[in-house]
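Below is one structure, written out as structure tokens, with a few remarks after it.
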Protein chains: 2
Amino acid sequence: MVKIKKDHNAEERILAAAKKVFTTKGMAGARMQDIADEAGINKALVHYYFRDKDKLFEVVFLAEAQKFFPKINSIFNSEVPLFEKIENFVAEYIDEMQENPYLPWFVMNELHRDPDQFMYKIWGEKNLPKPQKLLEQIEKEVKKGTIKRISPIHLLMNLLSMTIFPFVARPMLTRNLRLNETQFKEVMDQRKKKSQNLFLIQSGNSFYEKNTDPLFFSAFSFDGADRATPGITKSL
Amino acid sequence: MVKIKKDHNAEERILAAAKKVFTTKGMAGARMQDIADEAGINKALVHYYFRDKDKLFEVVFLAEAQKFFPKINSIFNSEVPLFEKIENFVAEYIDEMQENPYLPWFVMNELHRDPDQFMYKIWGEKNLPKPQKLLEQIEKEVKKGTIKRISPIHLLMNLLSMTIFPFVARPMLTRNLRLNETQFKEVMDQRKKKSQNLFLIQSGNSFYEKNTDPLFFSAFSFDGADRATPGITKSL
DNA sequence: ATTTTTGTTAACCATTTGGTTAAACTATAT
DNA sequence: ATATAGTTTAACCAAATGGTTAACAAAAAT
């Protein structure tokens, strides 16, 4: 008889609670008592498992951020073609953020608080991202004439911006564009699927002419149907 | 004999100090003592001028955010053509952020902390942004065939992402792309100037073919010269 | 069965922090 | 000169908060 129900595991409960509280209130705004309450246990127990606030934060934060960021390297340094690479990157990141909606905020927050410390924690001394491979590929495609000449800086900026920002600015976007959570998810899924159009046309891809698909389905189409949804259009 | 040197104005010094401290440490992380120290005055004086922390924050924050956000409305609702509108928007925002580098972070932070409260403070009850005009213009251009069909949602998302995100993620970008502050500014100026290419080609602008300019100057060109700067390229 | 280790709690403590007070100082008006 | 109003400060206070302790309970080891 195996005890499947192990949800009274204090340590895990604390971690989950800490994640939630740190994420919503930030490191400075989070209270140890909040975390204890959220986990439904005594405050001292939080200290029992994770010495102090800094340690707890470190555990929570690093666990999340370290699996989030270093993916860049492996994707960008892989041997697949440029376009596939970009597609992989976008898909991977949007998926990750769909599952952990708090993560981009969390990361940006810490990044802003102490950039150097942050970078060190994430990448360590020697493990800094090396976009060399990617830049070479861009340059190669540029020379081949497949894509128009673009500064890799801008291409990268655009790529990161269009992938990450919607999640960072989610509260603003959902509110001002009148999107509910389901619609937001759908919109992001569209971006994932259409990342080729999104990013390559953006960078001046000469495949442009071949592209007969409307960019991101037709306008106003949220629910997958290829027609206008006037309610949303109006209120937008 | 006029006393030009009025830099010992306590109230202004407090405001400037508060802006700095709130921005770097966030509302929860900011200490009244920090602000007093930064302003070089006694802590009680901060309370003398701005009752309590909340009030001070409100003054600082609203002053900044209210001049930052409502510009969207006036630009997007103006009568100028779509492409000009986009150009205005990008230029206006990048300028604003160049001058107030802390602002985007500040805004995103509050936005995340309490979206509803935030939106209310910025736009009030009835002053919500109405992208109607912009959407109509997009739709018109789509129908005219000037730009390919694109969901206004995505066009707007892309526009906002590519304009705002680089400033939000500035610490990460400057560090990972090995840009110093001057270079970052230059890159953003490039984005401002080339917003047409950036955003319209991105949205499938059929003017594409007419565009013989390289997108964002040539690759690796940071210092305005149209040649490679190997140092940066290598280290990138 | 009992000792030991691990997990959990209520009560407590020290420090930090937002905020107050009363006194002093400054400039201006009378 | 002196009163007055505005400005600034050191000292203080109460609440909040991170962290500790000692006692207790549960589980594991002996």
Side-chain angles (χ1 to χ4, degrees), chain A residues 1-63 106 109-110 113-114 117 121, chain B residues 1-63 106 109-110 113-114 117 121:
Chain A
M1 195 172 99
V2 187
K3 270 219 171 148
I4 296 170
K5 198 120 201 268
K6 267 198 86 182
D7 66 347
H8 54 288
N9 183 323
E11 194 165 347
E12 279 175 31
R13 297 247 305 278
I14 294 171
L15 279 174
K19 197 152 94 175
K20 185 171 175 182
V21 175
F22 278 137
T23 300
T24 45
K25 306 204 176 184
M27 164 63 169
R31 301 293 108 148
M32 295 302 271
Q33 189 62 58
D34 292 345
I35 295 170
D37 290 348
E38 180 72 32
I41 47 99
N42 188 284
K43 181 166 70 91
L45 202 57
V46 181
H47 287 95
Y48 176 76
Y49 281 105
F50 307 91
R51 203 150 203 87
D52 57 34
K53 198 183 179 183
D54 281 314
K55 299 274 197 322
L56 176 56
F57 183 82
E58 187 111 345
V59 170
V60 172
F61 175 67
L62 284 185
F106 201 27
N109 211 326
E110 279 315 292
R113 223 182 42 152
D114 189 347
Q117 178 75 354
K121 278 184 190 163
Chain B
M1 197 172 98
V2 187
K3 270 219 170 150
I4 295 168
K5 198 126 202 270
K6 264 198 87 180
D7 66 349
H8 53 289
N9 183 322
E11 194 166 346
E12 278 175 33
R13 297 247 305 278
I14 294 170
L15 279 174
K19 198 153 94 174
K20 185 171 176 183
V21 175
F22 277 137
T23 301
T24 45
K25 307 203 175 184
M27 162 65 170
R31 300 288 100 110
M32 295 303 271
Q33 189 62 57
D34 293 345
I35 294 170
D37 290 347
E38 179 73 31
I41 46 100
N42 187 283
K43 180 166 70 89
L45 202 57
V46 181
H47 287 95
Y48 175 75
Y49 281 105
F50 306 91
R51 200 147 203 92
D52 58 34
K53 198 183 179 184
D54 281 314
K55 298 276 196 323
L56 176 58
F57 183 82
E58 188 111 344
V59 169
V60 172
F61 176 67
L62 284 187
F106 201 27
N109 210 327
E110 279 315 293
R113 221 181 43 151
D114 190 346
Q117 179 76 354
K121 279 184 190 162

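Residue numbers start from 1 in every chain, and the chains themselves are labelled A, B, ... in the order their sequence lines are given, proteins ahead of strands.
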Show which side-chain atoms of residues 26-38 of chain A pair as donor or acceptor with protein atoms under 3.5 Å away, not counting sequence neighbours.
residue	atom	partner	partner atom	Å
A/R31	NE	A/G29	O	3.4
A/R31	NH2	A/A28	O	2.5
A/Q33	NE2	A/D37	OD1	2.9
A/D34	OD2	A/K25	NZ	3.4
A/E38	OE2	A/K20	NZ	3.1

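Put simply, A/R31 has no side-chain N or O that comes within less than 4.0 Å of OP1 or OP2 on D/dA16.
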Next on the checklist: Checking A/F50 against A/E58 for the side-chain contact (heavy atoms from CB on, under 4.5 Å) test, could you report, in this order, the C-alpha distance in whole Å, the side-chain angles of both residues, the deciding distance, and whether it holds?
Outcome noted: CA-CA 10 Å; A/F50 307 91; A/E58 187 111 345; over 6 Å; no
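Shown here are the salt bridge (charged side-chain N to carboxylate O under 4.0 Å, His left out) partners of A/K53, two or more places apart in sequence or in another chain: there are none. In terms of the salt bridge (charged side-chain N to carboxylate O under 4.0 Å, His left out) criterion, B/K43 has no residue partners (sequence neighbours excluded). Scored by the salt bridge (charged side-chain N to carboxylate O under 4.0 Å, His left out) test, B/D52 finds B/K55 as partners (sequence neighbours excluded).
The distance from atom CE of B/M27 to atom C1' of C/dT17 is 13 Å, rounded to the nearest whole Å. Atom CZ of B/R13 is separated from atom P of D/dT7 by 15 Å (rounded to the nearest Å). Atom-to-atom, CG of A/D52 to P of D/dT17 comes out at 17 Å; the value is rounded to the nearest Å.
Listed by first and then second residue, the ring-ring contact (aromatic ring centres under 6.0 Å, His included) pairs involving residues 22-49 of chain A are A/F22-A/F57 (not counting sequence neighbours).
Sorted by residue number, the members of residues 32-51 of chain B with any non-hydrogen atom under 4.0 Å from DNA chain C read B/M32, B/K43, B/A44, B/H47.
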